[in-house]
Each structure stands twice: as structure tokens, then as C-alpha cells.
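One structure below.
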Protein chains: 2
Amino acid sequence: MTKVSALSQAEENYLKEIFHLSGQDKIKVSTNGLAEKLESKASSITDMLKKLGDKKLVSYEKYKGCSLTKKGEKIAIHIIRKHRLWETFLVNKLNFGWDEVHDVAEQLEHIQSLKLINGIDHILNYPKVDPHGDPIPDKDGNIDYLESKVLLSETAISSKVEVVQVSEDSLDLLQYLDSIKLNLGSKIEILERVAFDESIRVKLEGNGELSLSKKVAENIYVKFIQK
Amino acid sequence: MTKVSALSQAEENYLKEIFHLSGQDKIKVSTNGLAEKLESKASSITDMLKKLGDKKLVSYEKYKGCSLTKKGEKIAIHIIRKHRLWETFLVNKLNFGWDEVHDVAEQLEHIQSLKLINGIDHILNYPKVDPHGDPIPDKDGNIDYLESKVLLSETAISSKVEVVQVSEDSLDLLQYLDSIKLNLGSKIEILERVAFDESIRVKLEGNGELSLSKKVAENIYVKFIQK
DNA sequence: AATTATTTTTAGACAAGCCTAAAATATTAT
DNA sequence: ATAATATTTTAGGCTTGTCTAAAAATAATT
């Protein structure tokens with residue numbers, strides 16, 4: 001068991017972001033890609049990748065991008081677990097809106113205490129997804145990805161679907177979805193595709209017919225419902 | 001309204017410790033005193049006091065010690081409020097022992113979100129004291145000190161008292177008190193004082209007669225109970 | 001294949017927060 | 001009051017994590 005001495009918040013943020021950019025198929029992550037996400041400069045990224053490389057948390061070869069090692073991935077997943085559990089706690093227990101949780105969870109994800117996060121997991125009754133529908137890794141780091149989800153922007157006319165996940169990156173999107181009463185679990189029927197701007201006309205259960213821009217539809221995942 | 005741009009965790013820790021060392025009568029705090037509590041060197045303290053002085057959070061004159069300004073005190077109290085609310089949350093909601101909360105609360109006290117800490121206050125039903133009996137400052141920074149408390153070490157023979165506060169500084173003390181089943185609210189009768197080592201013999205409701213060293217008795221606050 | 005454009009790395013600098021060692025000031029004891 | 005002691009500050013240095021500007025490597029284009 002290689003015990004990892006506590007990482008700085010900066011290091012943890014790098015690992016988390018590499019995990020996200022790497023995606024489910026674990027592609028290599030570029031220096032510039034990381035720099036953009038972390039709102040930092042490429043030179044800073046290079047410095048940190050060297051350090052994380054020395055610590056065997058990422059594999060890094062000059063000019064070749066980086067990827068997480070097993071050890072780095074394990075830590076990244078644990079941070080993501082904490083982030084998503086805290087978001088769930090804020091929404092379920094403290095009545096935060098799904099648009100209010102991100103910044104606070106970014107702070108809380110760095111708190112070091114297994115007993116604390118497992119206690120939060122327990123009082124939430126071991127939730128499988130966070131308020132945006134993202135899967136919450138379990139105590140052992142297993143992530144239960146929903147295989148059957150598709151982008152709303154890619155559904156065929158007259159399909160009936162249920163919202164299972166929305167992008168948590170944009171505050172504006174989350175607030176807009178709130179305003180049209182579109183939540184996780186919302187039922188949607190696709191009525192029409194407008195060729196001109198690629199928007200779609202839908203029937204949203206509980207809020208009648210409305211039109212969603214291509215950009216909005218690209219940030220909503222749904223699953224088909226038999227009926 | 002002078003809006004204070006977010007402070008670093010180091011700065012917050014200095015303000016908190018100055019508040020504690022300053023005590024209820026707001027005495028000036030020495031550089032060495034701070035250094036010891038913060039487990040740091042006097043030279044580091046001097047550096048930081050200059051900085052906090054520039055920010056008008058402490059009044060500091062070379063070689064004369066320091067004290068908090070109104071602004072600094074307000075921030076210190078808010079951090080203490082967060083610390084004590086989190087400790088209460090850990091004990092009341094997540095079944096932590098009173099000896100397990102300190103380190104985690106030291107981290108959680110730096111989380112910045114009024115909505116979060118006020119939400120925690122709410123689900124705890126606005127507690128007045130933390131798990132060690134320390135008063136929890138309210139939202140406006142008011143602290144309800146228990147005037148009538150005295151040190152157990154200073155009580156007269158045959159008084160009957162109730163434990164209202166214990167020092168949270170020592171893990172060993174808290175664990176020892178656990179082991180003899182002495183908690184907040186425990187009822188104690190003082191039976192005898194042993195001159196030789198200044199220990200006291202007491203009757204502890206629920207755990208019979210036992211002897212407490214001077215040092216232990218100096219870390220327990222009690223109030224007298226009539227009857 | 002050579003040139004241009006893009007990406008990434010290196011080199012050197014800076015702020016925060018800490019350190020050690022030496023100097024300055026304050027306090028205590030004679 | 002002065003010498004000895006203790007406390008505090010200054011000076012200079014180190015690490016972490018960031019930055020800018022310049023150099024090097026890779027990728028794209030003609």
C-alpha cells in the first residue's frame with residue numbers, strides 16, 4: 001500500500017481536471033486543454049505535470065500530453081466522489097438550488113476525512129447520482145455510468161424521453177432550465193426539428209410546448225422511455 | 001460597508017488565534033504567545049502581523065503585541081462560529097465522538113458560504129453550545145458566554161455541580177473523560193481534596209466514586225446546581 | 001520537403017508564507 | 001542604573017504555485 005502524503009488543493013484540482021478531460025475512453029490530455037480548463041497558463045501546467053509525474057500520479061512525457069496513473073486516477077475519483085456527494089447534500093439537505101452548489105462543492109471536495117464523507121454518503125442514503133445526474137463514485141471508486149443516455153440534440157422526432165443528466169458547467173444553463181421547469185426526470189416529447197437554426201420544438205410535461213436551441217439540447221442527456 | 005476580499009486560511013487562523021489568546025478581557029497578544037499556539041516561529045508571526053496590520057484587521061505596534069480591530073474581530077468570530085457549528089454537526093448528525101471533531105472542523109471552518117453555514121445552523125436547530133460546551137456565536141456575532149461557570153478545580157467540598165464545558169485542546173483529555181463516562185451535563189459531587197497532589201475525590205453520577213487529578217479538574221468547567 | 005503556424009517547454013521573476021541567524025529592543029535581576 | 005536575559009524584529013533564503021517572454025518541438029500548409 002503506497003500511502004500518498006496529502007496533496008495540495010492545486011494538485012488535487014489538476015488530477016480532477018485531467019480525469020474529466022480524459023473522458024471515459026481515457027484519451028491523453030494536452031497541456032493547452034488543461035490550461036484552458038484550469039484558467040491558467042500552459043507554462044504553469046508544464047511545471048505541475050512534471051511534479052505530478054515525479055509523484056507517479058500522472059504519466060507525462062514532454063510534448064506528448066499526459067494521463068493519470070492508477071494511483072492518480074484513484075485520487076481523482078475520490079475527489080469527484082466528494083464533490084458530487086457534497087452537491088447532493090447541499091441540494092437534498094440544505095435546499096440549495098442545482099445552480100448554487102458548484103462553487104461551494106469546489107471547496108468542500110478538498111476536505112480530508114473519510115469518516116466525514118462516508119457519513120455524508122450515509123445520511124444521504126448512498127445516492128447514485130448528484131443533482132445534475134452525474135454518477136457518484138462509491139467508496140471503492142466504482143462509477144456506475146448510465147450506458148443508455150443520449151444527447152437530447154440527437155434524438156429522433158416523436159421520441160419520448162426522460163432527462164437523466166445536464167451539464168453542470170454553465171450557471172446560465174442551469175438557471176434557464178429552472179425557469180422553464182426542466183429538471184432531472186422531466187418527460188419530453190420531440191415534436192419538430194427546425195432546419196434553419198437546428199433548434200427543436202418539444203412538449204415538456206408540466207410546461208407545455210416550447211422550443212429549445214441546439215446549444216441547450218446539446219447539454220441535456222436523456223434516455224428513451226417506453227410507453 | 002468595507003467589503004473584505006477573501007482572506008487566506010493562514011490569515012484566518014491568525015485572527016482566530018489572536019481572538020482566543022486575547023480572551024474575554026481583550027488583553028494584548030504577544031508574538032511568542034501566538035508563535036507557540038500556531039506552532040510557528042516568532043519571525044513568521046511578525047511578518048504576518050505586519051500584513052494584517054496593513055489590512056486593518058489587527059492593531060499592531062512593533063514590540064508592543066497586537067489586538068484585533070473591530071473588523072478583525074468580526075471575522076474571527078465568524079470563523080469560530082463556523083468551527084463550532086461544524087463540530088456540532090459532526091457529533092449530532094454524523095455520530096462523531098467529541099474527540100474526533102477538531103481536525104475536521106479546522107478544515108471546514110474555512111469554507112466560504114454564508115448560505116451553507118446558516119443552513120447547517122438551521123438543521124441543527126440553532127444550537128447555543130458546541131460538543132465541548134463552548135458557546136456558538138450567532139449569525140450577528142453575538143456570543144452568549146455562560147457567566148456562572150467555574151473550574152471544577154476551584155469548587156468547595158460537598159458542592160454539587162454539573163459539567164458545562166471541557167477544554168477541547170487535548171485529545172487525551174477528551175478520550176479520558178469518555179472512558180470515565182464524564183460528559184457535558186454529568187452531575188458531580190465533590191467529596192474530598194487531597195492536599196498532597198491537589199487531586200479531588202468526587203462522586204460522578206452514573207459512574208460512582210473516583211479521583212480526578214488537579215490537571216484534569218483544571219480543564220473542566222461546571223456550574224452549581226441547587227438541591 | 002520546406003515553411004509557417006501552433007503547441008509546449010524553458011528561463012527567469014514574483015507573492016505568500018514559512019524558516020534560520022543575527023540585530024534590536026524590552027524586561028528582569030543585581 | 002547597569003548588566004544579563006528574554007522577546008521581538010530584520011535580513012536573507014526556501015518552496016509552492018503562479019506569471020511573461022523567449023526558445024524548442026510538433027503539426028499544418030503549401
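Keep in mind it's a predicted model, so treat the numbers as computed, not measured. Per chain, numbering begins at 1; letters A, B, ... match sequence-line order.
In this entry the distance linking CE of B:Met48 with P of C:dC19 reads 11 Å, nearest Å. The distance from atom NZ of A:Lys55 to atom C1' of D:dT16 is 10 Å, rounded to the nearest whole Å. For B:Leu7 and C:dA16, the CG to C1' distance is 14 Å, given to the nearest whole Å. Taking atom CG on A:Leu34 and atom C1' on D:dT18, their separation rounds to 15 Å, with Å as the unit.
Using a 4.5 Å heavy-atom cutoff, the side chains of A:Asp172 and A:Gln175 are in contact. In this structure, the side chains of A:Asn13 and A:His110 come closer than 4.5 Å at one or more pairs of heavy atoms.
Two rings, from A:Phe89 and B:Phe89, have their centers less than 6.0 Å apart.
With respect to the salt-bridge test (charged N to carboxylate O, under 4.0 angstrom), the residues A:Glu106 and A:Lys16 qualify.
The structure places CD1 of B:Ile200 at 9.5 Å from CD1 of B:Ile157, a figure rounded to the nearest 0.5 Å.
With B:Phe96 as the aromatic partner, A:Lys115 meets the cation-pi criteria of under 6.0 angstrom to the ring centre and within 45 degrees of the ring axis.
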Could I get a table of every N or O pair under 3.5 Å where one atom is in the protein and the other is in nucleotides 5-11 of chain D?
{"from": "D:dT8", "atom 1": "OP2", "to": "B:Asn32", "atom 2": "N", "distance (Å)": "2.7"}
{"from": "D:dT8", "atom 1": "OP2", "to": "B:Asn32", "atom 2": "OD1", "distance (Å)": "3.4"}
{"from": "D:dT8", "atom 1": "OP2", "to": "B:Asn32", "atom 2": "ND2", "distance (Å)": "3.3"}
{"from": "D:dT9", "atom 1": "OP1", "to": "B:Tyr60", "atom 2": "OH", "distance (Å)": "2.3"}
{"from": "D:dT9", "atom 1": "OP1", "to": "B:Tyr63", "atom 2": "N", "distance (Å)": "2.9"}
{"from": "D:dT9", "atom 1": "OP2", "to": "B:Thr31", "atom 2": "OG1", "distance (Å)": "3.0"}
{"from": "D:dT9", "atom 1": "OP2", "to": "B:Thr46", "atom 2": "OG1", "distance (Å)": "2.8"}
{"from": "D:dT9", "atom 1": "OP2", "to": "B:Tyr60", "atom 2": "OH", "distance (Å)": "3.4"}
{"from": "D:dT9", "atom 1": "O5'", "to": "B:Tyr60", "atom 2": "OH", "distance (Å)": "3.4"}
{"from": "D:dT9", "atom 1": "O4'", "to": "B:Tyr63", "atom 2": "OH", "distance (Å)": "3.4"}
{"from": "D:dT10", "atom 1": "OP1", "to": "B:Lys62", "atom 2": "NZ", "distance (Å)": "2.5"}
{"from": "D:dT10", "atom 1": "OP2", "to": "B:Lys50", "atom 2": "NZ", "distance (Å)": "2.6"}

